[in-house]
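To keep things clear, I will list the structure first and then write my remarks on it.
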Amino acid sequence: MIISAVRTIASIYSTSNKLMFIFLLLGTAVTFFTYAGLLSILSYIAASLSTIASFRKDDKHLRQIMMFATSFWLLNNYLASSPAAIIMEILFLSGNFFGYYRHYFKPKKFRINNTDT
């Protein structure tokens with residue numbers, strides 16, 4: 001969780017691929033030293049996808065990758081039998097879907113045409 005928190009703060013200020021790879025290596029190391037089976041693999045994939053998404057320059061790609069990452073967290077939390085975490089991920093995934101729809105599919109009702117003066 002500490003790595004994820006620091007990663008999130010770092011990604012606010014940078015989209016550097018070098019920084020992203022540092023966080024991916026940290027996640028790999030943590031998984032290696034704490035490996036406990038399938039849940040470790042699922043959480044590693046989810047955290048790695050979240051890291052990749054966090055360092056995207058394009059909001060659209062960030063949202064797409066985060067939806068995929070959240071799906072892995074959802075599966076992980078289901079297999080871990082964590083109802084609160086399942087609800088949290090469902091809400092996060094739903095919010096991401098609505099945001100994606102709002103920004104990329106919903107037609108704009110009001111467009112300002114700067115050429116009309």
Side-chain angles (χ1 to χ4, degrees):
M1 291 307 297
I2 292 171
I3 293 172
S4 292
V6 173
R7 177 204 70 210
T8 300
I9 292 168
S11 70
I12 290 170
Y13 299 103
S14 175
T15 56
S16 165
N17 283 336
K18 290 178 185 178
L19 196 53
M20 177 187 71
F21 283 118
I22 290 170
F23 283 104
L24 287 171
L25 287 173
L26 285 170
T28 302
V30 168
T31 301
F32 178 79
F33 288 111
T34 62
Y35 181 79
L38 179 61
L39 293 180
S40 294
I41 294 169
L42 290 172
S43 63
Y44 172 73
I45 293 169
S48 295
L49 288 169
S50 296
T51 297
I52 293 166
S54 295
F55 287 94
R56 294 300 92 201
K57 294 176 183 174
D58 179 26
D59 174 69
K60 188 174 187 177
H61 292 133
L62 180 146
R63 289 177 186 273
Q64 290 169 340
I65 297 168
M66 284 303 283
M67 285 186 266
F68 199 51
T70 302
S71 299
F72 275 95
W73 279 122
L74 189 58
L75 177 59
N76 179 77
N77 296 335
Y78 172 77
L79 294 174
S81 300
S82 179
I86 292 169
I87 292 169
M88 179 186 72
E89 294 302 335
I90 288 171
L91 291 172
F92 185 72
L93 189 58
S94 299
N96 206 351
F97 275 127
F98 285 124
Y100 192 84
Y101 170 78
R102 190 178 86 224
H103 287 289
Y104 300 108
F105 287 108
K106 185 177 177 183
K108 303 282 183 191
K109 290 186 180 184
F110 301 102
R111 292 187 186 259
I112 298 175
N113 189 346
N114 292 332
T115 60
D116 295 339
T117 52

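Since the model is a prediction, treat every value here as computed from it, not as a measurement. One-based numbering along the sequence shown. Note: hydrogens, waters and symmetry copies are ignored here, and every other heavy atom, side chains too, is used.
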Exercise. Give the minimum heavy-atom separation between S81 and P83, together with the two atoms involved.
Key: O-CD, 3.3 Å
Exercise. Nearest 0.5 Å please: distance from the CD1 atom of I52 over to the CE atom of M20.
Key: 6.0 Å
Quiz item: Once you round to the nearest 0.5 Å, how far does CD1 of I86 lie from CG of L75?
Solution: 9.5 Å
Quiz prompt | Non-neighbouring partners of F98 that pass side-chain contact (heavy atoms from CB on, under 4.5 Å), sequence neighbours left out | solution = S94
What pairs of donor and acceptor atoms, side-chain ones from residues 8-16 against any protein atom, are under 3.5 angstrom apart with sequence neighbours left out?
unit_1, atom_1, unit_2, atom_2, d
T8, OG1, S4, O, 2.9
S11, OG, R7, O, 3.3
S11, OG, T8, O, 2.9
S14, OG, S16, N, 3.0
S16, OG, K18, N, 3.2
S16, OG, L19, N, 3.2

Quiz item: Same cluster for I90 and F92 if Ile/Leu/Val/Met/Phe/Trp/Tyr side chains link at under 4.5 Å?
Solution: no
Self-check item: Spacing of L93 atom CG and M66 atom CE [to the nearest 0.5 Å]
Solution: 10.0 Å
Exercise. May I have all residue pairs that pass salt bridge (charged side-chain N to carboxylate O under 4.0 Å, His left out) and include part of residues 23-47, sequence neighbours excluded?
Key: none
Exercise. Report the residues that fulfil salt bridge (Lys or Arg N to Asp or Glu O under 4.0 Å) with R56, sequence neighbours left out, ordered by chain and then residue number.
Key: none
Exercise. Please name the pair of heavy atoms, one in A69 and one in L49, separated by the smallest distance, quoted to 0.1 Å.
Key: CB-CB, 3.6 Å
Self-check item: Selection residues 63-84 - residue pairs positive for salt bridge (charged side-chain N to carboxylate O under 4.0 Å, His left out), sequence neighbours left out
Solution: D59-R63
Practice problem: Show which residues join W73 in its hydrophobic cluster (side-chain heavy-atom contacts under 4.5 Å, direct or indirect), or state none. | Solution: none
Quiz item: Under the 4.5 Å side-chain heavy-atom rule for ILVMFWY, direct or indirect, which residues accompany M1?
Solution: none
Could you list the donor-acceptor pairs under 3.5 angstrom formed by side chains in residues 21-39, with sequence neighbours left out?
unit_1, atom_1, unit_2, atom_2, d
T28, OG1, L24, O, 2.9
T28, OG1, Y44, OH, 2.7
T31, OG1, G27, O, 2.9
T34, OG1, V30, O, 2.6

Quiz prompt | Exercise: identify the closest heavy-atom pair between Y104 and K60 | solution = OH-N, 3.1 Å
Self-check item: Any residue meeting ring pair (Phe, Tyr, Trp, His ring centres under 6.0 Å) with F68, in chain and number order, not counting sequence neighbours
Solution: F72
Exercise. Look up atom CD in E89 and atom OG in S71, then write down how far apart they are to the nearest 0.5 Å.
Key: 9.5 Å
Quiz item: Using links of under 4.5 Å between side-chain heavy atoms of ILVMFWY residues, direct or through other members, which residues join L91 in one cluster?
Solution: I87
